[in-house]
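Step one of this worksheet: look at the structure below.
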Amino acid sequence: MEATKLEYTTWFKAIFLMTHIKKSYSILELSRLLGIKRYRTVWYLTMKIRMGMGKNLLAKEYLQFFYILSNSSENEYNINELKHHSISAIHNTSTKGEDEINLIAPLQLQWNVNAEENRLRKTGYRCLKILGAQKDIEFKNPITPIKTSIQSWMNKLLSNSNRILKGAHHGVSYLHIQKYMFEFSFNYNGRRKDKFEPLISSILED
């Protein structure tokens with residue numbers, strides 16, 4: 001929110017909308033709700049908020065780490081959804097209804113993102129504040145899920161996240177997939193509690 005030209009009420013409204021929906025708003029829909037005509041302004045606003053959602057996730061400790069790997073050979077630079085790629089999910093508890101996740105884009109994809117972000121910094125990219133979403137992610141040794149119930153749960157997470165990327169957003173650049181995973185994980189973990197105030201507190205700490 002530093003040096004923003006938008007009113008704080010616009011920020012708070014956007015945060016409220018993004019934390020009170022099961023799925024995700026498209027940029028065009030959010031533009032209409034916020035009354036902002038410029039697409040790029042709303043896009044940049046949502047990316048900053050997603051970065052804030054990730055900060056909350058990365059501050060937590062998780063107990064188990066699972067890994068899904070697809071056999072597809074799709075090019076990482078043409079990712080429209082995650083079903084063709086590996087995806088990580090960190091699971092906090094086996095208690096039904098209280099599980100927490102942090103979906104993480106594939107390690108190989110993160111390497112490509114780092115390389116592209118370094119290139120963008122050298123070119124004077126104007127949206128530097130939304131780079132580095134993956135810099136604090138700790139990659140742990142993968143544990144492949146064995147139980148059928150766990151595999152089913154993982155597949156459901158993967159299917160739901162894909163539906164958002166392909167449906168509401170009609171595909172997402174590989175450069176920003178981790179930010180959308182932050183949003184999905186944050187809203188999933190807070191599905192039974194208030195998410196607005198914790199996110200506001202996390203953002204204002206900066």
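Owing to the predicted nature of the structure, the values given are computational and were not obtained by experimental measurement.
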Euclidean distance, [Y] [atom2] relative to [X] [atom1], rounded to 0.5 Å:
X    : Y    : atom1 : atom2 : result
S185 : E100 : OG    : CD    : 10.5 Å
M53  : N187 : CE    : CG    : 5.0 Å
I177 : I104 : CD1   : CD1   : 14.0 Å
L45  : R38  : CG    : CZ    : 12.5 Å
L34  : L6   : CG    : CG    : 9.0 Å
L30  : I36  : CG    : CD1   : 8.0 Å

Could you walk me through whether L165 and M181 pass side-chain contact (heavy atoms from CB on, under 4.5 Å), step by step?
CA-CA 9 Å; L165 294 179; M181 294 296 95; 4.0 Å; yes
Give a yes or no on whether Y125 atom OH has more than 12 heavy-atom contacts from other residues, nucleotides or ligands under 6.0 Å away.
yes
Just wondering, are more than 12 heavy atoms of other shown residues or ligands nearer than 6.0 Å to CD in E197?
no
Y180: ring pair (Phe, Tyr, Trp, His ring centres under 6.0 Å) partners, not counting sequence neighbours:
H169
If you compare all heavy atoms of [X] against all heavy atoms of [Y], which two are closest, and at what distance to 0.1 Å?
X    : Y    : value
T19  : I15  : OG1-O, 2.8 Å
S24  : A168 : O-CB, 3.6 Å
R163 : N160 : NH1-OD1, 2.8 Å
M51  : G132 : CE-C, 4.3 Å

Check the pair I49, F186 against side-chain contact (heavy atoms from CB on, under 4.5 Å), reporting the backbone distance first and the verdict last.
CA-CA 11 Å; I49 293 174; F186 181 87; over 6 Å; no
Is any side-chain heavy atom of L157 less than 4.5 Å from a side-chain heavy atom of Y188?
yes
Would you call E117 and K135 a side-chain contact if the rule is heavy atoms closer than 4.5 Å?
no
Between T46 and Y25, is a side-chain contact (heavy atoms from CB on, under 4.5 Å) present by the stated rule, with each step listed?
CA-CA 10 Å; T46 61; Y25 284 109; over 6 Å; no
Just by modelled atom types, is the L33 backbone N or O under 3.5 Å from a matching donor or acceptor in the K13 side chain?
yes
Just by distance, do the side chain of N102 and the backbone of G54 share a donor-acceptor pair under 3.5 Å?
no
Residue from E183, H176, Q178 passing side chain to side chain donor-acceptor pair (under 3.5 Å) with R50
E183
